[in-house]
K.L.:
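Once you've had a glance at the structure underneath, I'll fire off some questions.
Numbered from 1 within each chain, the chains take letters A, B, ... in sequence-line order.
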Amino acid sequence: MANTRIEPGVPITLQELYPSSQFYKEAVSLRVTGMLSGYSVETAIGVIEDGSKSLKINTQNLRDVSFRVGSIYQFIGELHIEPNNEARTGRNVDGIDMNLYRKTIELLRKFLKEEGNSNMAE
Amino acid sequence: MDRSLQNTHAKLVARDIQRLTQSPTESNSFSLLGGACVSRVETVGTIVSRDLTPKFLKFGVDDGTGCVTCVLWLNQLTSSYFSRWDPDTILLLASAARKQAAAIRIGAVARVRGRVGSYRGVMQITATVVVVERDPNAEILHWLECLRLGQSCYRIQS
């Protein structure tokens, strides 16, 4: 395996992904979570939703993941403004406490910021 | 020097594991920002890379704050390090390591416990136990535990 550094997927909510957001950068590594509202086997493109926000995910590189509309999934991958975000990993997270997840992300960012520079807090 | 955490697996986020610095007096101990010394850590995250060799499995764990390289040794049956161990124990260790290695796959979330060390200037974990976490809230719980312990325990100056 080449010793290239793998960037961590910074956990965000879909609500934080908008053009002027600090996370809205081409090829930035992110971790996103949402309910699968649609999936095309032909194109391997899925759409996840969280509240009123949605995001397209290119799942062509994923293996051993079965997609079921209505289930909650979490993906780690790179954001692409066009055409689709490419996932490196994906997993079914049915049963996740999304309220706790959102609150914990905020606490984690605050913790990392207080302890020094961090990618999550930038 | 605060050695109270020497025999426990400190729960740390990946970013803090990468920022550990070697103790000037003990080569197997590391401290974070001058806090308590640790030699064992526990991390939970998504497996994002996997490289299997005849002797070991190297895999990367991403917990959202960083990526930590972990190494699970698979050479218990051939390494001279184990030559004086009880053969039944070696077989058990080898079998357990292989089972854990088989469960480590990209995309899974795993809890890794092991000794922390530096290799070519980069912190890594020599794993003793790797458990795949199926509970989707396990990672959240680990983050909260890292926060709580980081603020209440690991930052105490010796």
K.L.:
For a quick test of reading the model, state the closest non-hydrogen atom pair linking A/I57 to A/A87 and the distance between them.
P.N.:
CG2-CB, 3.7 Å

K.L.:
Shorter than 4.5 Å, heavy atoms on both sides: which option in B/A108, B/C146, B/A138, B/P136 has the most such pairs with chain A?
P.N.:
B/P136

K.L.:
Below 4.5 Å, heavy atoms only, C-beta onward: do B/N28 and B/Q22 meet side chain to side chain?
P.N.:
no

K.L.:
Quick one: closest heavy-atom pair of B/Q100 and B/L72, and the distance?
P.N.:
CB-CD2, 4.0 Å

K.L.:
Should A/Y73 and A/F67 count as side-chain neighbours, where that means a heavy-atom distance under 4.5 Å?
P.N.:
yes

K.L.:
Contact part of A/L107 toward chain B, heavy-atom cut-off under 4.5 Å: side chain, backbone, both or neither?
P.N.:
both

K.L.:
Atom CG of B/D63 and atom CG of A/L108: how far apart are they, to the nearest 0.5 Å?
P.N.:
7.5 Å

K.L.:
Between B/V61 and chain A, with a heavy-atom cut-off of 4.5 Å, which part of the residue counts as in contact: side chain, backbone, both or neither?
P.N.:
neither

K.L.:
What part of A/R88 gets within 4.5 angstrom of chain B, counting heavy atoms only: side chain, backbone, both, or neither?
P.N.:
both

K.L.:
So for A/N92, is it side chain, backbone, both, or neither that comes closer than 4.5 Å to the heavy atoms of chain B?
P.N.:
neither

